[in-house]
Participant: 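Quick one: structure below, then a few questions.
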Amino acid sequence: MTVPVWRRTLLSVGMVALALIIGVPLYYIVINTFKTQADMVSSPLGLPETWSFANWSATLGDPGIYQSFGNTLYVTVLAVLAQLLVGAMAAYAMIIARNRTTRIIGSVLLLGFIIPPQSTLIPLYRTLVGFQLVDSLNGLVIMYLGGSIFCFFLIQGYMRTLPYEIIEAARIDGAGTNQIFWRIVLPLIKPILVTVGVFQTMWVWNDFLLPTVFLSSPQKETIVLQVYSAVAEFTTDWPSFMTITVIALIPMVVFFIFTQRHIVSGLLAGSVKG
Amino acid sequence: MKSPMTRVTAGAAVLALAGSIAACSSDGGEADGVTTISFLSWTGEEQMEPIIEAFEEENPEVRIEASYSPPVAEYIQTLQTRVLSGTAPDVFVVAAENKTNLIDAGAVVDLSGEPFMEGIQQFNLDTYGRDGAEYGLSLSSWAAGYAYNKEMLADVGYDSIPETWDEFLVLLQDLQDAGHTPFLESVDQMPTTVSAMLGAKTSEMDPSLDDEIFAGESTFAEQWTPILEEYNRLYTEGLVSPDVVALDGDQVRDEFANERVAIINAGPWIINAVQEANPELQWEFGQVPGLPDGMPYQAGAAAPGYAISASSDEEKQEAAKTFLTFLASEQGVEMFHEATNDVTVTENFTPEVDPVFEPLVTPIRDGQLYLPMIAWQRDEDVLNVEAVAQVQRMIQGQIGPEDVAAALDAKLSS
Amino acid sequence: MPSMTRAQTPEAPATRRRRGTAGGGWKQTTINRAFLVPAVVVFLFLFVVPLAQGLYWSFTDFTGYSPEANFIGFDNYVRILNDPSMLSGLTFTLLFAVGTTVLVTALAIPLAVQLNKAFVGRNFVRSLWFFPAVPSMAILGLVWSYILSPLPSGVLNTLLADWFGIDAVSWLSDNTLARISVILVGVWAQTGWHAVLYLAYLQSIPAEYYEVARIDGASPRQQFFAITLPLLMPAMVVSSFLLLTNGLKVFDLPYTLTNGGPGFATYTITQSLVVTGVGQGEYGLSSALAVMFTVAVGVIGFTQLRVTSRIGRRFA
């Protein structure tokens, strides 16, 4: 508003420059997708000697990539929506029914992301075998529900900053708990839902540990498993590894750019900018 | 605020997506007389698929459902989880990292006496065997030694790697005086030099070095200290920078391909990358020089062996044997060699290798290979982590060679 | 609804604290509780049951391969406590967790404030900051190991030599520098995402506060310390708890960048968990380690949560 133009320009230049420095490693990843392995050996981080599209055509020419793309999309969409719902519901319960019991449950739930994932893997696998959910995309979605605890923690932290009067006002107007949740609370917490949603999407989309253990049929592979097909015992075909990484990344870039403006457009946001 | 309608539409879209994917992933029924076996491959899909196709064409009564997991840690983890949950693949590989566990648990079938096990190098059979039983069909081996830049060596009047360690150190000094970086060795794993020197030593011992250590008749301190002392001269005499503790094999390879170092530790997996990156480079492999009481030797091991799950039923085990028979046949071995470039060790096929690697081929086919981690009889992983970390500390000058060996003894007894 | 927020005054936190009693008197308690059910079910099946299984295994000699498991009491725990290399993992794990928590928090808040302002290229800048959190650590570790290579041909060393004539620096081969490098790369990877988290929380600060402050003649710096920082306290509680617990569990980054070296300089507890459990197949032993680790992270995490919440309340 009253900020002079020169200060804005300075901010722009400064922030873009800083971001570019932060982005240097990402530039290296992208640049290597246009190299042959030999080119990468002679200069790992320089510009390609000749721009090679071999990695791209090899990767995009493999029909398996599209199948795994679909699988990943399916798992990610279901898992993230479910996580957000479970997490938001629990956080809401903590706000509306705040008493000793819920408080204790709330802190116990936090144990969920203290436990190192490596230590629950084998017991979980055995359980899933019992339910015939191993080597199944739906089984994988269930595994990712563990992320709801993370969502719960972030969402309930955010909900506490909300003015409680809104909920009370709605209740006086005769709205039920259910209605308040869907109509009032969810829109109000949109910034955190989007932030957490984006973060969990990145995690599920890129996760390697769970798919590699829980999926075994090639036709059920997620896209990150394809990335690791470039890994051999003694060496790794890094250009190919990076190409599939970038291909897996592109939808995430688009997704982030589309969603991130919602982070700052919650109901309370309107007047903050500037 | 999102309208309820949008929400319903989104939900419906998700459900539709769910339905369509569930529909295309359902399996067709199995035809009569066909046995389907599952196979968890260590080798990548690209290399393994043609071999499986060729097999299925020749043996229509067996169908292979292959899945792939990259070596090493991911493979071990996946296999462990599946074995334990009663969903072990019918065919999988037994590797150095899991052989003790698999054999102890009785998870693998004894293959000794099977026709396809004949004509395989004894060294490979022994690697994945115990007390006369043989559990893994290992078709190839690898070796690592030194790769050297011929022109840089010619600069200082050498045409190959000397046979003794003292002469080798003189060569490094000459190279350094001539302005070259003489030698780099990646120390993110057990150094090739140490493995080879230990190998040279144990090859002349009976019982072997590790038999003695693990039986409690000898110690790491007694067996390893003299070798570590010699190895440490690289650093105490200022021939090699202690910075090698932060290098991995790929970085060392890149330095070599770009002619920034005269000699490196290396195995056959660098050949393609080096030749493509620098086709002009004159280079060759050589053995690790011998200590005064030893001979030139190399680090290396038998490749992981194909194993059959003991929990599979008889019909599947038979089908699995058909598959292994194909893998060990002349056609199978040839295809395997062409796909992976591995040096195979069967009698029915002589692999063709790149001329630069020629000096290490005979030792491989004779089984003159040693890798501590595979020779160790228990606690392999824990000891290996300990050994690598302690060797790095020795290179940094924080501890002496005898401390490295003492730490290993302490680890073994804990 | 927006009018409701306008009605709020800077004393709002005081009214907020009263909400505890408001919920209790509600008649729809059952419905309220029902909202917790899915999370509790998830927690029971995906965390409690496997953890209980792990707890049982920690008292056995279970190998992870044979279904047989013999009860051996506290042997596994005794072995861990007597193992000196566990201590080496402990030092760096703590250093990493505390270092990244402090640095990321110190950097992410001012960054979020800047990212909340309008400027040309804002979306682009936000995306770039966020993206280090996305690709797998295997690749990022590789790229950073090229950048930080101690050889004269390393990227950073080449730049330092060309621009300042500085000799090659042993970024990853000197114990102290290696520890600093791993921590800084960890900060690099996480700052952007935590800034986005703070950004979301900034949206819940009513603009009126700033307007009032401006009318009172407060400088931007005064506004930051008097309004922004105190009102970001709830965010800081969440963010620092995440940073600390994730830092204690760190595995991928040191594993790919330094593989725990040189020596044990960057070795982590989770790495020894993986080596004993997966590599060595000593599942009983690694379960015992996991149990001890979970308890330790829990104690540290909850203590930190209590402390920061208390500080937050005092501020607000």
Side-chain angles (χ1 to χ4, degrees), chain A residues 8 11-12 15-16 19 22-23 25-26 28-29 44-45 86 89-90 92-93 96-99 105 109 111-116 118-120 123-124 145-146 148 152 154 157 160-161 163-166 177 191-192 195 202 206 208 245 252 256-257 260 263-264 266-269 271-274, chain C residues 1-2 4-5 8 16 19-20 23-24 28-29 31-33 35-36 38-39 42-43 46-47 50-51 53-54 114 118-121 123 125-131 133-136 139-140 143 146 155 196-197 199-200 203-204 207 234 237-238 245 249 270 273-274 290 293-294 297-298 301:
Chain A
R8 278 193 171 195
L11 178 67
S12 236
M15 290 302 284
V16 171
I22 293 301
L26 303 174
Y28 285 143
I29 294 174
L45 302 178
V86 172
M89 282 171 67
Y92 178 57
I96 56 171
R98 202 163 164 70
N99 55 36
I105 294 178
L109 284 182
L111 278 173
F113 58 88
I114 285 170
I115 302 170
Q118 289 88 351
S119 64
T120 52
L124 277 177
L145 278 181
S148 336
F152 157 75
L154 286 173
R160 284 194 195 157
T161 69
Y164 186 68
E165 292 75 4
I166 293 181
T177 312
I192 197 73
T195 310
M202 306 285 176
N206 283 297
F208 175 70
T245 300
M252 290 295 96
F256 181 74
I257 290 174
Q260 60 111 13
I263 295 173
V264 287
L267 279 181
L268 300 168
S271 46
V272 176
K273 286 175 196 161
Chain C
M1 257 169 275
M4 298 295 297
T5 50
Q8 266 207 318
R16 276 184 214 159
R19 83 171 55 137
Q28 288 181 298
T29 321
I31 303 184
N32 299 347
R33 293 254 170 87
F35 275 83
L36 258 180
V42 163
F43 183 67
L46 294 180
F47 297 102
L51 196 68
Q53 180 108 61
Q114 297 306 317
F119 61 88
V120 180
N123 285 357
V125 170
R126 275 193 200 151
S127 309
L128 269 187
W129 272 101
F130 190 80
F131 270 92
V134 183
S136 75
I139 302 181
L140 297 179
V143 171
Y146 277 120
V155 177
V196 174
L197 186 67
L199 193 60
Q203 312 313 315
S204 69
V237 172
V238 170
T245 49
K249 288 190 290 185
T270 316
L273 205 71
V274 172
F293 186 54
T294 307
V297 177

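Remember, it's a predicted structure, so these values are computed and weren't measured experimentally. Protein chains get the first letters and strands the later ones, always in sequence-line order, with residue 1 at the start of each.
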Participant: Could you state the interatomic distance from CG (C:Leu140) to CZ (C:Phe131), rounded to the nearest 0.5 Å?
Facilitator: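 Spacing of CG (C:Leu140) from CZ (C:Phe131) equals 12.0 Å.
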Participant: If you measure from NZ on C:Lys249 to CZ on C:Phe293, what distance do you get to the nearest 0.5 Å?
Facilitator: 8.0 Å
Participant: Under the side-chain hydrogen bond (donor to acceptor under 3.5 Å, both in side chains) test, which residues partner C:Tyr146, sequence neighbours left out?
Facilitator: B:Asp254
Participant: Counting only heavy atoms closer than 4.5 Å, note whether C:Val42 contacts chain A via side chain, backbone, both or neither.
Facilitator: side chain
Participant: Please determine, among C:Gly301, C:Ser127, C:Gly54, C:Gly121, the option with the most heavy-atom pairs under 4.5 Å with chain A.
Facilitator: C:Ser127
Participant: Shortest non-hydrogen contact from A:Thr195 to C:Ala200?
Facilitator: OG1-CB, 3.5 Å
Participant: Quick one: side chain to side chain contact (heavy atoms under 4.5 Å, CB included) partners of C:Pro50, sequence neighbours excluded?
Facilitator: A:Thr120, A:Pro123, A:Leu124
Participant: Is chain A contacted by the side chain of C:Val155, its backbone, both, or neither, given a heavy-atom distance below 4.5 Å?
Facilitator: side chain
Participant: Could you tell me if the side chain of A:Leu11 sits less than 4.5 Å from the side chain of C:Gln114, heavy atoms only?
Facilitator: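 With C-beta onward as the side chain, the pair touches.
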Participant: Using a cut-off of under 4.5 Å for heavy-atom pairs, which of A:Leu154, A:Thr245, A:Ile192 has the most such pairs with chain C?
Facilitator: A:Leu154
Participant: Hey, what's the ring geometry for A:Phe256 with C:Phe130, parallel, tilted or perpendicular (30° and 60° as the breaks)?
Facilitator: parallel
Participant: Could you look at A:Phe152 and say if it's the side chain, the backbone, both or neither that has a heavy atom under 4.5 Å from chain C?
Facilitator: neither
Participant: Side chain, backbone, both or neither: which part of C:Thr270 has an atom under 4.5 Å from a heavy atom of chain A?
Facilitator: side chain
Participant: Before you tell me yes or no, could you show the steps for A:Tyr92 and A:Thr177 under side chain to side chain contact (heavy atoms under 4.5 Å, CB included), namely the whole-Å CA-CA distance, both residues' side-chain angles and the distance that decides it to 0.1 Å?
Facilitator: CA-CA 10 Å; A:Tyr92 178 57; A:Thr177 312; 3.5 Å; yes
Participant: Name the option with the most non-hydrogen atom pairs under 4.5 Å to chain C; the candidates are A:Leu109, A:Val16, A:Ile29, A:Leu111.
Facilitator: A:Leu109
Participant: Less than 4.5 Å to any heavy atom of chain C: does that hold for the side chain of A:Ser148, its backbone, both, or neither?
Facilitator: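 The side chain, not the backbone.
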Participant: Could you tell me which portion of A:Met15 (side chain, backbone, both or neither) has an atom closer than 4.5 angstrom to a non-hydrogen atom of chain C?
Facilitator: both
Participant: Using heavy-atom distances under 4.5 Å, tell me whether A:Ile22 contacts chain C through its side chain, its backbone, both, or neither.
Facilitator: both
Participant: For chain C, which candidate among A:Gly157, A:Gly146, A:Gly112 shows the most heavy-atom pairs at distances under 4.5 Å?
Facilitator: A:Gly112
Participant: For A:Ala90 and C:Leu36, work out which heavy atoms get closest and say how close.
Facilitator: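 Heavy atoms of A:Ala90 and C:Leu36 come nearest at CB-CD2, 3.9 Å.
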Participant: Does any heavy atom of chain C fall under 4.5 Å from the side chain of A:Ile105, the backbone, both, or neither of them?
Facilitator: side chain
Participant: Identify which part of A:Phe208 has an atom lying under 4.5 Å from any heavy atom of chain C, answering side chain, backbone, both or neither.
Facilitator: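 When you check distances to chain C, no heavy atom of A:Phe208 falls under 4.5 Å.
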